[in-house]
A.B. asks: 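Below are the structure tokens for one structure; questions will follow.
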There are 2 protein chains.
Amino acid sequence: MVLARVILGLLDLSPMTGYEVKRHCDTTIKYFWQADKAQIYRTLSQLTADGLAAVETAPGVGGPARQVHHITERGREVLNDWLTSKLERQPERDAFLARLFFSGGLPESQVEELLAARRADAESLLAELEEMRRSLPDPPDRRARLRLATLDYGIAQVRTELDWLADV
Amino acid sequence: MVLARVILGLLDLSPMTGYEVKRHCDTTIKYFWQADKAQIYRTLSQLTADGLAAVETAPGVGGPARQVHHITERGREVLNDWLTSKLERQPERDAFLARLFFSGGLPESQVEELLAARRADAESLLAELEEMRRSLPDPPDRRARLRLATLDYGIAQVRTELDWLADV
DNA sequence: GCTAACTAGTAGACTTGTCCACTACTCCAG
DNA sequence: CTGGAGTAGTGGACAAGTCTACTAGTTAGC
């Protein structure tokens with residue numbers, strides 16, 4: 001599954017605990033990958049069992065002991081395989097579009113409410129993404145450039161959404 | 001879950017069999033909702049068990065008997081509740097962005113391959129959506145207008161993606 | 001001294017979705 | 001007259017993800 005690869009990707013950037021993986025899913029990579037805590041820990045032990053990651057228990061600094069996960073050589077191979085393998089578009093699933101599509105029976109005002117709510121959402125998301133963008137280092141290295149690019153993708157999509165909302 | 005509402009939405013447009021629901025998921029609503037056949041049939045019987053849909057067995061015209069599902073009054077209520085309830089953005093999960101994000105260790109050429117593959121994908125998707133758009137009735141009624149709008153959303157997003165790809 | 005917040009991780013039930021194989025009927029082409 | 005494509009539906013195993021609740025340590029505020 002993809003979550004396993006995403007976690008490998010994170011571990012490749014730097015060794016970390018499940019807790020830190022979760023934090024990344026809630027912050028840095030939130031705009032393209034979110035995951036449940038329980039699922040993260042389970043995937044992490046799966047990776048360890050498969051020899052793609054290795055654990056080391058470190059004493060906690062101001063807190064409980066930490067199980068730091070490192071990526072292994074095998075893990076790096078698997079990650080690379082994934083990154084270079086053929087990618088097919090995943091099945092689209094957009095609950096907002098679904099609602100809009102089926103809103104034909106609703107009074108005009110309620111459709112507008114739906115759109116207004118979506119606009120508010122999109123605006124706050126845009127603000128968040130732009131804030132994130134500002135916080136990125138200015139003379140970007142290779143990795144940061146890719147990170148910037150994915151972020152720009154998100155920003156562009158939300159902007160398009162706002163334009164579209166204005167049109168409808 | 002959302003699939004149940006989507007199916008209710010389809011049944012609200014016209015009564016249909018599980019097979020036809022599946023066909024919609026593969027054609028008309030494919031660009032915002034895809035679903036597995038087995039899941040559709042299971043959801044359909046769940047809807048029936050909950051009294052949101054009712055089944056009527058009709059003789060098959062050139063084929064096996066058809067179990068036509070209708071939406072019930074209760075079903076219509078539930079659908080309306082869903083359409084007007086507060087909507088929160090669902091967790092984003094984009095495997096392509098994930099790959100790109102973690103491609104920092106790859107040689108330049110492979111990143112470009114990834115982008116090229118994505119471009120090809122986006123182009124064929126755009127062609128498909130535009131084809132779909134052309135096939136829509138020209139003097140649109142209310143429902144068709146909404147359908148057009150959701151489709152335009154998809155088209156706009158893919159166009160943005162292509163622009164972004166050209167930029168990167 | 002108590003409590004809340006943050007860090008760190010575990011356990012189990014449950015839901016949703018996917019995959020695969022199967023039955024069964026009709027029509028059409030070769 | 002046989003096989004494939006399209007229609008219509010079922011069953012079971014399994015994978016992936018969610019939700020809730022729990023333990024346990026540290027730090028900081030009241």
Side-chain angles (χ1 to χ4, degrees), chain A residues 1-8 10-11 15-27 29-30 32-50 53 55-69 82 88-95 98, chain B residues 1-8 10-11 15-27 29-30 32-50 53 55-69 82 88-95 98:
Chain A
M1 15 135 211
V2 184
L3 177 59
R5 313 298 133 161
V6 169
I7 293 182
L8 275 184
L10 287 172
L11 295 184
M16 61 183 84
T17 64
Y19 191 82
E20 288 169 312
V21 169
K22 174 60 179 157
R23 206 163 45 200
H24 274 289
C25 289
D26 290 342
T27 55
I29 65 168
K30 172 170 165 224
F32 68 77
W33 209 270
Q34 269 160 271
D36 181 79
K37 194 171 75 157
Q39 192 66 13
I40 288 170
Y41 280 106
R42 236 172 314 157
T43 306
L44 228 27
S45 50
Q46 190 55 55
L47 288 174
T48 308
D50 293 348
V55 203
E56 228 171 86
T57 307
V61 277
R66 304 153 41 80
Q67 277 165 252
V68 181
H69 293 72
W82 178 62
E88 66 267 18
R89 274 196 111 84
Q90 61 212 100
E92 310 273 355
R93 242 164 231 173
D94 190 321
Chain B
M1 14 132 215
V2 184
L3 178 57
R5 313 299 132 160
V6 169
I7 293 182
L8 275 184
L10 287 172
L11 295 184
M16 62 182 83
T17 65
Y19 192 82
E20 287 169 312
V21 169
K22 175 59 179 157
R23 206 160 46 201
H24 274 290
C25 289
D26 290 342
T27 55
I29 66 168
K30 172 169 167 227
F32 69 77
W33 209 269
Q34 270 160 270
D36 181 79
K37 195 171 74 157
Q39 192 65 15
I40 289 169
Y41 280 108
R42 235 173 313 154
T43 306
L44 228 26
S45 50
Q46 189 57 54
L47 286 174
T48 309
D50 293 348
V55 204
E56 227 170 87
T57 306
V61 276
R66 304 152 41 80
Q67 277 165 251
V68 181
H69 293 73
W82 178 63
E88 67 266 18
R89 274 195 110 84
Q90 61 212 102
E92 310 273 355
R93 239 162 234 176
D94 190 322

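This is a predicted model, so every value here is computed, not measured. Chain naming here is simple, since letters A, B, ... match the order of the sequence lines and numbering starts at 1 in each.
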A.B. asks: Got a sec, which residues hit side-chain contact (heavy atoms from CB on, under 4.5 Å) with Thr48(A), two or more places apart in sequence or on another chain?
C.D. replies: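 Here the qualifying residues are Ala53(A), Val55(A), His69(A).
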
A.B. asks: Check whether Gln34(B) reaches the backbone of Cys25(B) with its side chain - one donor and one acceptor, N or O, closer than 3.5 Å.
C.D. replies: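 No; zero donor-acceptor contacts below 3.5 Å.
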
A.B. asks: What is the distance, rounded to the nearest whole Å, between atom CD1 of Ile7(A) and atom P of dG9(C)?
C.D. replies: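 Result: 12 Å.
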
A.B. asks: Just the rounded figure in Å: distance from C1' of dT7(D) to NE2 of His24(B).
C.D. replies: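 One finds 15 Å between C1' of dT7(D) and NE2 of His24(B), rounded.
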
A.B. asks: Find the distance Arg5(A):CZ to dA16(D):C1' and express it as a whole number of Å.
C.D. replies: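 Computing the Arg5(A):CZ to dA16(D):C1' distance gives 14 Å.
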
A.B. asks: Which part of the nucleic acid, if any, lies within contact of Lys37(B), taking any heavy atom under 4.0 Å across all strands shown: a base, the sugar-phosphate backbone alone, or nothing?
C.D. replies: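 The residue Lys37(B) makes base contact.
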
A.B. asks: Rounded to the nearest angstrom, tell me the gap between atom CG in Asp26(B) and atom C1' in dT7(D).
C.D. replies: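 Value for this atom pair: 14 Å.
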
A.B. asks: Can you tell me the distance, in whole Å, between the NZ atom of Lys22(B) and the P atom of dC19(C)?
C.D. replies: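 Distance, rounded to whole Å: 10 Å.
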
A.B. asks: How many Å lie between CD1 on Ile40(A) and C1' on dA8(C), as a whole number?
C.D. replies: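 Going from Ile40(A) (CD1) to dA8(C) (C1'), I get 13 Å.
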
A.B. asks: Got Trp82(A) and Leu8(A) here, is their nearest side-chain heavy-atom distance under 4.5 Å?
C.D. replies: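 A side-chain contact under 4.5 Å is absent here.
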
A.B. asks: Name the residue from Lys30(B), Lys22(B), Arg23(B) that meets the salt bridge (charged side-chain N to carboxylate O under 4.0 Å, His left out) definition with Asp26(B).
C.D. replies: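 Exactly one pass, corresponding to Lys22(B).
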
A.B. asks: Check whether any side-chain N or O of Thr17(A) sits under 4.0 Å from OP1 or OP2 of dT7(C), and answer yes or no.
C.D. replies: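 No, because none of the side-chain N or O atoms of Thr17(A) sits under 4.0 Å from OP1 or OP2 of dT7(C).
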
A.B. asks: How long is the gap from CZ on Arg66(A) to CE on Met16(A), to the nearest 0.5 Å?
C.D. replies: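 Answer for the CZ-CE pair, Arg66(A) versus Met16(A), is 10.0 Å.
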
A.B. asks: Looking at side-chain heavy atoms only, is the closest gap between Gln90(A) and Arg93(A) below 4.5 Å?
C.D. replies: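 Contact flag for Gln90(A)/Arg93(A) side chains = no.
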
A.B. asks: Expressed in angstrom and rounded to an integer, what is the separation of Asp50(B) atom CG from dT15(C) atom C1'?
C.D. replies: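 Value for this atom pair: 14 Å.
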
A.B. asks: Can you check the Gln67(A) CD to dT23(D) C1' distance for me, whole Å?
C.D. replies: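 Atom-to-atom, Gln67(A) to dT23(D), this comes out as 14 Å.
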
A.B. asks: Distance from Tyr41(B) atom OH to Asp36(B) atom CG, nearest 0.5 Å?
C.D. replies: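 Tyr41(B) OH to Asp36(B) CG: 11.5 Å, rounded to 0.5 Å.
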
A.B. asks: Does dT10(C) have OP1 or OP2 sitting under 4.0 Å from an N or O in the side chain of Tyr41(A)?
C.D. replies: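 Answer no for this pair, as no side-chain N or O of Tyr41(A) is under 4.0 Å from OP1 or OP2.
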
A.B. asks: Using the 3.5 Å cut-off, write out each protein N or O paired with an N or O of nucleotides 16-18 of chain C and the distance between them.
C.D. replies:
from	atom 1	to	atom 2	distance (Å)
dG17(C)	OP2	Gln39(B)	NE2	3.3
dG17(C)	N7	Gln39(B)	OE1	3.1
dT18(C)	OP1	Arg93(A)	NH2	3.1
dT18(C)	OP2	Asp36(B)	N	3.4
dT18(C)	O4	Arg42(B)	NH2	2.7

A.B. asks: Name the pairs: protein N/O against N/O of nucleotides 24-28 of chain D, kept only if under 3.5 Å.
C.D. replies:
none

A.B. asks: Between Trp33(B) and Leu3(B), is the side chain to side chain contact (heavy atoms under 4.5 Å, CB included) condition met? List the steps.
C.D. replies: CA-CA 8 Å; Trp33(B) 209 269; Leu3(B) 178 57; 3.8 Å; yes

A.B. asks: Just wondering, do Thr43(B) and Met1(B) contact through their side chains at under 4.5 Å, heavy atoms?
C.D. replies: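 The answer is yes; the side chains approach within 4.5 Å.
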
A.B. asks: Counting only side-chain N and O atoms of Tyr19(B), is one of them less than 4.0 Å from OP1 or OP2 of dG9(D)?
C.D. replies: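 No.
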
